[in-house]
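Worksheet: the structure to be examined is printed underneath.
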Amino acid sequence: MTTSSRRRDAVANRQALLASAAELLRQDPQASIDAIATAAGLTRRAVYGHFPSREALISELLERGAAKIASSVEGIRHDDPAVQIALLMSGVWRAVTDVKLVVQMVVRGPLDSTVSETIEPVRRVLLDAVERGHASGSLRRDQDPELTALLIERTLLGMLDVVVARELDDVEAQRILAATALGTAGLDWRAARDTVAALETYSPQNPVNGEAS
């Protein structure tokens with residue numbers, strides 16, 4: 001076997017391990033290294049050839065998942081802060097459907113620091129919307145915008161855990177997440193409902209009300 005062939009095999013094995021780990025850990029967060037190796041068609045020794053520990057394997061999965069979530073907010077910007085928040089929630093959900101492990105580990109486990117820096121773009125987009133809504137009076141003004149954004153983030157994590165566990169369909173999950181975030185931001189349930197409904201006509205080329213960039 002040539003060196004290039006061995007490298008290709010190593011890359012393929014690593015990807016197989018990550019894919020198997022993601023699938024098993026979605027079903028059972030306590031899945032063992034042996035179970036992951038078996039699912040990938042490899043040996044326990046092969047796993048440790050790629051990852052020094054189970055924690056290192058999980059850490060890479062979390063980093064990859066968090067990066068996907070962060071990339072989901074690229075280009076999300078709207079003149080209406082409430083619409084921006086709703087779009088952010090929808091974008092996060094679309095990414096999360098493929099990386100539910102990240103949600104479960106961040107909410108339930110001790111590895112949230114692993115993804116904190118990676119998902120910083122999500123926090124920036126959220127805080128931008130909250131600050132603009134605070135300044136204009138369209139969102140709540142009874143507390144500091146940074147606190148509001150933090151409450152939305154923490155509420156979102158809890159809600160994500162719930163909608164993942166209940167296996168809600170994509171439309172319902174996005175509606176619930178967006179409406180809950182908007183409620184935390186200060187909108188009443190009717191205004192939140194109408195904002196979420198308006199997203200059905202949104203696209204980057206056909207914004208709901210304002211400009212996305």
Side-chain angles (χ1 to χ4, degrees), residues 1-76 87-127 153-154 156-174 177 204:
M1 180 180 292
T2 65
T3 300
S4 60
S5 296
R6 284 194 294 271
R7 287 174 181 166
R8 284 196 297 271
D9 286 347
V11 170
N13 287 344
R14 187 180 185 89
Q15 293 304 316
L17 284 169
L18 289 167
S20 296
E23 182 60 32
L24 286 178
L25 290 167
R26 286 191 194 104
Q27 301 170 23
D28 176 14
Q30 304 305 317
S32 67
I33 282 289
D34 287 333
I36 293 170
T38 299
L42 299 169
T43 64
R44 180 187 180 92
R45 181 177 180 180
V47 176
Y48 287 117
H50 291 279
F51 302 98
S53 65
R54 180 178 180 277
E55 288 70 25
L57 171 57
I58 293 175
S59 180
E60 181 160 335
L61 282 173
L62 288 172
E63 289 173 0
R64 289 186 175 202
K68 184 168 184 178
I69 291 174
S71 69
S72 72
V73 308
E74 292 180 3
I76 291 180
L87 289 171
L88 176 62
M89 298 303 105
S90 294
V92 167
W93 174 253
R94 286 193 298 272
V96 165
T97 55
D98 291 329
V99 289
K100 294 182 177 69
L101 171 67
V102 175
V103 178
Q104 293 166 341
M105 289 293 184
V106 169
V107 173
R108 302 174 185 171
L111 297 174
D112 54 325
S113 61
T114 304
V115 300
S116 181
E117 183 176 344
T118 308
I119 63 172
E120 190 58 33
V122 179
R123 293 191 175 104
R124 287 198 298 269
V125 173
L126 175 59
L127 181 59
E153 177 185 335
R154 293 303 179 185
L156 171 63
L157 287 173
M159 289 299 298
L160 282 171
D161 195 38
V162 171
V163 297
V164 167
R166 296 191 64 174
E167 299 183 345
L168 299 181
D169 65 64
D170 285 350
V171 173
E172 183 69 1
Q174 290 182 53
L177 293 173

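- Qualifying side chain to side chain contact (heavy atoms under 4.5 Å, CB included) partners for Glu23, counting only residues two or more places apart in sequence or in other chains: Arg26, Gln27.
- The heavy-atom pair separating Ile36 from Ala31 by the smallest distance is CD1-O, 4.3 Å.
- Val47 pairs by the side chain to side chain contact (heavy atoms under 4.5 Å, CB included) definition with Leu17, Ile33, Ala37, not counting sequence neighbours.
- Shown here are the side-chain hydrogen bond (donor to acceptor under 3.5 Å, both in side chains) partners of Ser20, two or more places apart in sequence or in another chain: there are none.
- Considering only residues two or more places apart in sequence or on other chains, Arg44 meets the salt bridge (charged side-chain N to carboxylate O under 4.0 Å, His left out) condition with Asp34.
- Between the side chain of Ser72 and the backbone N or O of Ile69, at least one donor-acceptor pair lies under 3.5 Å.
- Salt bridge Arg166/Glu172: absent, no basic N to carboxylate O contact under 4.0 Å.
- At least one side-chain heavy atom of Val122 sits less than 4.5 Å from a side-chain heavy atom of Val92.
- Between Leu61 and Leu18, the shortest heavy-atom contact is CD2-O, 3.4 Å.
- Note: Glu153 CD to Leu127 CG = 10.5 Å, rounded to the nearest 0.5 Å.
- Looking only at side-chain heavy atoms (C-beta outward), Met89 and Met159 stay at 4.5 Å or farther from each other.
- Between the side chain of Arg94 and the backbone N or O of Gln174, no donor-acceptor pair lies under 3.5 Å.
- Judged as a side chain to side chain contact (heavy atoms under 4.5 Å, CB included), and not counting sequence neighbours, the contacts of Thr43 are Arg45, Ala46.
- To the nearest 0.5 angstrom, Arg54 atom CZ is 6.0 Å from Gln30 atom CD.
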